[in-house]
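Below is one structure, written out as structure tokens; the observations come after it.
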Amino acid sequence: MLLKKRRRYMWFWTSLGFCALLLYTLYARTHFVDQAFDSGLLLIAAMILLALYNFKKKISFIPLGTSKSWTQIHIYVGLLSSFLFLIHISFKYPAGALEILLTILYVLTFLTGIIGLIITRFFPNRLTARGHEVVFENIPIERKNLRVQVEQLIIETANTTESKHLIDFYINNLVPYFSSPSNLIMHLVESRRPLRALIDKVNDLKRYCNQTEIESLNKINELIKSKDHLDYHNSLQGCLKLWLFVHIPLAYAMLIFAALHILMVLSFRGRIPF
Amino acid sequence: MKHKGPPPPSHPYNRPNRPFVCGRQCEGSPCQFGPLPNGKCPDKNNPCQPKWSLRKRRTFITTLTCLLSLAMVSLCLWLSNDHPILLSPGPLSIHHAKLLRPSEPGAPEQCSKCHAVTDNNHWFSANLIEHDHYVDSKTCIECHQNDRLSSNQNISAWLKPHGLEDTKVYPEMIAQKFNKETHCIQCHREHRGLHASITVMSEEQCQNCHQKQFNSFNDGHPEFKIFPYKNPIAIEFNHSRKEHQDMQCTTCHTYNRKDEKQMLSNFQQSCAQCHQKDLTDVDRFKFTVFQLAPTREKNIDVSPLMEYLFSSPSEGSSALAQYLKVKKSIYEMLNQVLPPSESIDTPFLQILFKGCDPQKVIATLGISDSEMASIWASESHQNSEDFFLQNFWATLLKNNRSNSIHEDVLNLFLLQKEPQLKRIYALYLSYLYRSPELFSQLNALMSQNSIKTSDSILSWMKKQDNLLLKNLTQWLYSTPSISLTEQETSLFNEFQEIIDSEFNDKTWISWSIDKFLQILLIEEEFIDMDAILLALEDDDLEKKLSDLKLDEQLAQLLVLRKNSLSPIFQKLKTPFLKTDAPAVLSEQDQSLLEEFQDIVDAKYDPFKWSQNDLTPFLTNVLIEEEHIDIDTILLNLDDKKLETALKDVDSDKIVSTLLKFQKQRLENIFSSLVKLNTKNTEKADSIPAELTDYATDYQKDLKNRKQKQSLPYFFDEPSPQWSYHPETQSIFYASGLHADPVHLALLEGHPKNHKLGSILISQLGDCSSCHTHPSIKNVNEANVWRSPIRKTLHNFKHFPHIQNMSMECAHCHKKEGSGGISGSGFYPIKKAQCTNCHNADVAGEDCLQCHNYHADQLHLDVNDAKSMLIKLGLD
């Protein structure tokens, strides 16, 4: 409830911010000769504020507010910055090489930020709904344990029944599945098709097996499901960690080129009062 | 859906917050304690290869990205010196782009043509050190400048808000924001694309600077005060005066598509009809050249001086040459009777001998022209501002057009650095343009010295403030645009010769075609009747005249011919009248035009004859003087019309009837004749590209036309009225001419001695009765005699209102009985008169529709563009 109320406030203030920017746009485009400079100042201030979020995390010992608040500020200032950016470029596609590069960098940074916002909002819920929280760094350990369990089961069954069906089946179908992360993209889109396909293979094999082997295959199915569960966590948690590998470098690159852009503007815009 | 599978096995290995993780973690069997902070495995027996954690990898990627970005930025800056396009924010607008495009494919952009600092070493430091962006604005002004202003004036005009000084504008501005000079790029932003407009401003942007803002033209715009009569005019003219009330506005005021102001016609066209006679009032318009003090006992023998004054002027001498002879003789005479310390009685004499070395002037009068030129080039004259001497040299040089002289002058021109001397040489050289042969020689000489003749000299001349050169330039390049057939052209030329040789072309322009023909064809017997008749095409003419008596025949021919001559006549008048050029004349009409011109030139006062219409002209010319070849005329008759008209007419009325028929046809000829023979009031806006062709054409015209009225005044040859009063022992000068050259030369060329100058002005006659404000301070200014085109912030154009809206002058300019604003005789125009149409729904109400930001409009024509290209090194 409290979260909903807080988000309602944030959306209110964000909407207000958008309206203010809209009015500013309408006023500046007709009244300011150099509205690009004014909007550029606001834009760079917003970018610096956005960049401070990452910097703040490194100096968390200094009481500058909670990380949650900073996250919220980062999100909404980032959203508002998109409108500010459009105002800055006058809703036109830029022409200069540097300006085009800056636009591309900003768009990519913004889009990765939006993607990050989406996945950080939805993926945790999905992981919680899936159940069985697992630490991302422990996933390889868990995967290894599952592989060992499957191999032990198969060996025991093979020794008991003196049949090589399961061994062959494991070698041909299950070794790659249990050895490494699988179906990462399909897990992003919540697809169970690879799992069902593999289980169907296992079930298809049962008609050729005796009771002991069938029981072993049932246990193997459970382990397959556990592995699928682990892969699900690997996929979503991996995205949650790796999207910053794109967003943050793009942001820094954008800031560096923006610094050059600011240098050029200050050099050539003339002594125009504002 | 929650998966209910077996719980994952727990493991004591927690997520590390370290830069390194165990190398076996991926295998699923990491060691218990993990790598050391230095990245080494603590297990000495079976060490692994520790790997970077996700955090460290992210840090590495981020750092690498930053380094790559910095490298790209550095590379960009390094390459930008040769390839500025890397840092260009966008393409230039189309005009600048065309002008500044690289000369060769692959060549770098020419950013330095506009930007004062383009080398990245300099613009980078410009950010750290205070950079004077004023320099960039001055770069704009190097091309976008008004040639009528000096360099500093241009800077002031373009870099001050509205080009006005602080006291006039700034109090109404937002003080903190714009209380300094403005820069071009405040409003004109480039690099916005090829088709972007860099001059369009919105109304809100205009109003952003103003403290007092308003919603629209109708709502909040300040009321007009004394528009458009704020600026004083140079001519004292009360429109409400009884004698002026019946005059048509277009009698004096002209307009064209370009001019914003209603331009005044010249004296000859507007005022001479009534006021010419005033100038002959000697008591009002004379000045005393020399007068001895009443107390002086000794009588001075002025006979040598009078010999000079009343002797026949030598061939080629001008008023100034005579004037200088007067000066010489006065000096000699005074030397005989007065010691040097004696005061000279008249201010004129004080000015006469002030500021120049009369000894050298006298000495040089007796030597060759080339030596005179050399002496003028000597150091002693370099600082002299004696306007008379300049004119004198120019006049003498003009009259000595031998090859050796002009070679000497050319060499002197090329070598001369002193501006005044260059003026004279250029002036002299300009006379050479009148002769194609000399011009071609001049071209050859110039080309040897790698100098372009017409462009360099004439563009240089154009930039001078000297009135002499302005007038000369105007004279050189003023040419009427007339389109006649070949036959009409020959007739036209004949008429022009007549006018040139005989008539005072100040007056003939007021003639009507009737009078013109009357005088030409009848009184002066200038028309070749046979030629006229041959120009007629009516095969039945002879038949129709067969039953008429000789007198009647002549009368009929006159009338018939009049119509055919009308276009020619109109053509003659066209250059000087305010009407558009008439239709093209036929060959027959052209020949007649020339004949008529001969007649006018030979005998008549053109100013007077042009005032009459065609009917009396034809009556006098064709009938009374028997100049018309009846056969020729009748050959050109429109049979049916004539037959109908003459059907029931008495014999006495035949002449008038015939004249009516001819009148229409001769109107054009008559008008053209008038126009050609009066001063061309059209402003010379452009310089012909090919001066040679122009010189050739103009030579032909000059031979036949009296263009001397367009010459600088001191090159005119008036009839100076020197008079001597024995009682007062005074010699005074009066010519009866408007803008008498000697008067003007004295007024405008005297040394800047205020005390003497004011006395001189008072002595020179009652010019101020019409000219409002000639004073010692401004008499050297060109605009003291005519109302200047003052820089304003509004760009009202009469043409669309009059031509497109068919508005009458009185619609806006309502006469006020007792003087009106600034003595103009009109009520000021109210804003409500404009808001009827200028609102959002009808004619629009944008600020820039009526207002200019730049008070002086940019003056950039084709030749300026060429010179600009040369300046930029792009030619």
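Convention: sequence-line order gives letters A, B, ...; per-chain numbering from 1. Below, all heavy atoms of this structure are taken into account, side chains as well, without hydrogens, waters or symmetry copies. On a predicted model such as this, the values are computed, not experimentally measured, just so you know.
- The line from CZ of B:R58 to CG of A:N54 is 6.5 Å long, rounded to the nearest 0.5 Å.
- In this structure, no portion of A:L105 lies under 4.5 Å from any heavy atom of chain B.
- Of all the heavy atoms in A:A95 and B:G90, the pair that sits closest is CB-CA, 3.6 Å.
- Residues A:F245 and B:I61 come closest through the heavy atom pair CD2-CD1, 3.4 Å.
- Counting heavy-atom neighbours within 6.0 Å of A:K56 NZ, excluding the residue itself, gives a total above 12.
- One finds the CG atom of B:L77 at 8.0 Å from the CE atom of A:M264 (value rounded to the nearest 0.5 Å).
- Applying the salt bridge (charged side-chain N to carboxylate O under 4.0 Å, His left out) criterion to A:E156, with sequence neighbours excluded, gives no partner residue.
- Applying the 6.0 Å contact sphere to NZ of A:K219 captures no more than 12 heavy atoms from other residues, nucleotides or ligands.
- Atom OG of B:S69 and atom CE of A:M254 lie 11.0 Å apart (nearest 0.5 Å).
- Of the atoms belonging to A:L101, it is side-chain heavy atoms, and not backbone ones, that fall under 4.5 Å from chain B.
- Looking at B:L70, the atoms closer than 4.5 Å to chain A (heavy atoms on both sides) sit in the backbone and in the side chain alike.
- Put simply, the side chain of B:T63 does not reach to within 4.5 Å of the side chain of A:Y252, judged on heavy atoms.
- In terms of heavy-atom proximity, B:T65 sits nearest to A:A253 at CG2-CB, 3.9 Å.
- Per-residue counts of heavy-atom pairs under 4.5 Å with chain B were compared for A:L244, A:L250, A:V148; the largest is that of A:L244.
- Put simply, CZ on B:R192 and NZ on A:K92 are 7.0 Å apart, with the number rounded to the nearest 0.5 Å.
- At least one side-chain heavy atom of B:C66 sits less than 4.5 Å from a side-chain heavy atom of A:I256.
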